[in-house]
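Any value given below was found using the heavy atoms of this structure, including those in side chains, with hydrogens, waters and symmetry copies removed.
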Amino acid sequence: MAKEEMKLVANNKKAYHDYFIEEKYEAGLVLHGTEVKSLRMGKCSIKEAFIRIEDGEVYAYGMHISPYEKGNIFNKDPLRAKKLLLHKQQIRKLIGSSAEKGYTLVPLQVYFRDGKAKIEIGLAKGKKLYDKRQDIAKKDQRREAEKEMKMKLRV
């Protein structure tokens with residue numbers, strides 16, 4: 001069995017800051033030729049992206065894939081809606097889950113797995129301001145503890 005190789009293209013750190021991620025799903029991306037080349041060069045942003053389910057199909061909106069520099073008239077609109085490929089049962093589950101109050105679908109990362117473009121989407125629940133403050137406080141405490149450990153190791 002061959003080892004799966006994963007090449008990260010884009011990561012959405014903002015999603016982890018703004019949401020509690022309940023479940024994660026891996027979906028395929030429907031792309032056109034020059035978009036794939038641009039993705040391979042790492043020209044992708046998912047910070048402002050969101051995911052919607054329409055007519056039983058899943059789409060990513062606001063995902064920006066820069067036009068390929070060496071492309072021509074075949075370059076697509078950088079912000080066009082990209083269709084995501086999921087199993088029908090997963091889509092049904094996502095429809096039910098995202099219908100609950102406070103849940104939404106957010107893109108977490110875009111990567112290549114075995115030469116195919118994939119996107120990891122998360123079923124997320126929005127954080128309140130006090131939750132964000134708690135996360136920042138925990139991160140600061142961890143950073144301070146690491147700093148103290150480094151100082152002890154030097155002495």
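The shortest side-chain heavy-atom distance between F50 and V106 does not fall under the 4.5 Å cut-off.
For K14, the salt bridge (charged side-chain N to carboxylate O under 4.0 Å, His left out) partners two or more places apart in sequence, or in a different chain, are E48.
Here the NZ atom belonging to K147 is positioned 9.5 Å from the CZ atom belonging to R143, to the nearest 0.5 angstrom. Separation of atoms CD1 (I53) and CG (L105) is listed at 5.0 Å; rounding is to 0.5 Å. Between the CG atom in D135 and the CG atom in D140 there is a gap of 11.0 Å [rounded to 0.5 Å]. For the atom pair CD of Q90 and CG of L85, the computed distance is 11.0 Å after rounding to the nearest 0.5 Å. Between the CD1 atom of I51 and the CD1 atom of I119 there is a distance of 5.0 Å, given to the nearest 0.5 Å. Note that CD of Q134 and NZ of K139 are 14.0 Å apart. Values are rounded to the nearest 0.5 Å.
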Apply side chain to side chain contact (heavy atoms under 4.5 Å, CB included) to residues T104 and Y19 and explain how you reach the verdict. CA-CA 9 Å; T104 186; Y19 300 99; 3.6 Å; yes
Step-by-step side chain to side chain contact (heavy atoms under 4.5 Å, CB included) determination, E26 to E120: CA-CA 5 Å; E26 182 182 71; E120 184 177 60; 5.7 Å; no
Is there a side chain to side chain contact (heavy atoms under 4.5 Å, CB included) between Y111 and K7? Walk through the geometry before answering. CA-CA 5 Å; Y111 53 91; K7 181 189 171 220; 5.9 Å; no
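In this structure, Y61 and A81 approach most closely via the heavy-atom pair CE2-CB, 3.5 Å. Here the closest non-hydrogen pair linking I21 and L108 is CD1-CD2, 3.7 Å. G56 approaches I91 most closely through the heavy-atom pair O-CD1, 3.6 Å. The two residues V110 and C44 have their closest heavy-atom pair at CG2-SG, 4.3 Å. Here the closest heavy-atom approach between residue Y25 and residue L86 is recorded as CB-CD2, 4.4 Å. What you find for I65 and K82 is that their closest heavy atoms are CD1-CE, 3.7 Å.
Of the possible donor and acceptor atoms, one in the side chain of S98 sits under 3.5 Å from a partner among the backbone N and O of L94. Using a distance-only test at 3.5 Å, with no hydrogens or angles considered, no donor-acceptor pair links the side chain of E57 to the main chain of E54. The backbone N or O of A145 sits nowhere less than 3.5 Å from a side-chain atom of K150 that would complete a donor-acceptor pair. Between the side chain of S45 and the backbone N or O of H64, no donor-acceptor pair lies under 3.5 Å. With hydrogens and angles ignored, the 3.5 Å screen pairs a side-chain donor or acceptor of N12 with a backbone N or O of P107. A donor-acceptor contact shorter than 3.5 Å is absent between the side chain of K83 and the backbone of L29.
In terms of hydrophobic clustering, with Ile, Leu, Val, Met, Phe, Trp and Tyr side chains grouped at heavy-atom distances under 4.5 Å, I95 and L84 are assigned to a common cluster. Residues Y59 and I46 do not share a hydrophobic cluster, defined by chaining ILVMFWY side chains whose heavy atoms lie under 4.5 Å apart. Grouping the Ile, Leu, Val, Met, Phe, Trp and Tyr side chains by contacts below 4.5 angstrom, directly or via other members, places I121 with F112.
Under 4.0 Å is where a charged nitrogen must lie from a carboxylate oxygen, and between E35 and R80 at least one such pair does.
No more than 12 heavy-atom neighbours from other residues, nucleotides or ligands sit within 6.0 angstrom of NZ on K43.
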